[in-house]
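In what follows, a single structure is set out as structure tokens and then discussed.
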Amino acid sequence: MGHRAFIAQQSARLAALVIAAPILLNATASRSGEAQLAFLSNSDKNQQSAIELPTLPPPPEANPFDGRWKFTGGGCRGAGSVSAVIKGGKVIVRGGGGNVTPDGIIHTVGAGNGMTLTAEGRLSGDAGSGTYDRSDGCSGTWVAVKQRR
């Protein structure tokens, strides 16, 4: 489920709760203390509430790509390794940044040593690979490994 669809679904469920809460509060407030206790403890098995509260799904899991990564490039003079952090689908790296989709597609841009660089590829599990292009005309490949703590 996409992030926007998830937000829309949660908003609809919240709206249902906002509408249902005053109805439930008025229903229990108009009953006697004994009836309220029976309602809250569900001691009367034959009595059913006219309104069912929606069940909220568990909170979404953390992005599977979140964490510390080491990216190593090859194919161009001066290529090397760089550490990065991925948090909530955002790539944070010295001199640049980018994003990772939930299915692992990664796009980044960066600058350093008088050059700019664009990279793309795919992460899967604890590893990934892709290609990059530098502003000096050189293109290369990269590999990534998720770092364990």
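The first residue in the sequence is number 1, and the count goes up from there.
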Strictly distance-based, threshold 3.5 Å: is any side-chain N or O of [X] a donor or acceptor partner for the main-chain N or O of [Y]?
X	Y	value
N113	M115	no
Y132	G74	yes
S135	T116	yes
N63	G88	no
K90	V100	no

Original post:
Are R122 and S129 close enough that some pair of their side-chain heavy atoms sits under 4.5 Å apart?
Top reply: no

Nearest atoms (heavy-atom pairs only) where [X] meets [Y]:
X	Y	result
K70	S81	CE-CB, 3.6 Å
G121	W142	CA-CZ2, 3.7 Å
G140	C76	N-SG, 4.1 Å
G75	C138	O-SG, 3.6 Å

Original post:
How long is the span from the CZ atom in R94 to the OG atom in S83, to the nearest 0.5 Å?
Top reply: 11.0 Å

**OP:** State the CG-CG distance between L117 and D133, to the nearest 0.5 angstrom.
**Re:** 8.0 Å

Subject >> Cluster overlap I106 with V82, hydrophobic side-chain contacts below 4.5 Å >> reply: yes

Subject >> Option passing side chain to side chain contact (heavy atoms under 4.5 Å, CB included) with W69 (candidates V85, L123, V145) >> reply: L123

Subject >> side-chain contact (heavy atoms from CB on, under 4.5 Å) involving V109 - partner list, sequence neighbours excluded >> reply: T118

Original post:
Under the side-chain contact (heavy atoms from CB on, under 4.5 Å) test, which residues partner A84, sequence neighbours left out?
Top reply: F71, V91, V93

Subject >> Trace of the side-chain contact (heavy atoms from CB on, under 4.5 Å) decision for E120 with T131 >> reply: CA-CA 6 Å; E120 59 185 27; T131 59; 4.1 Å; yes

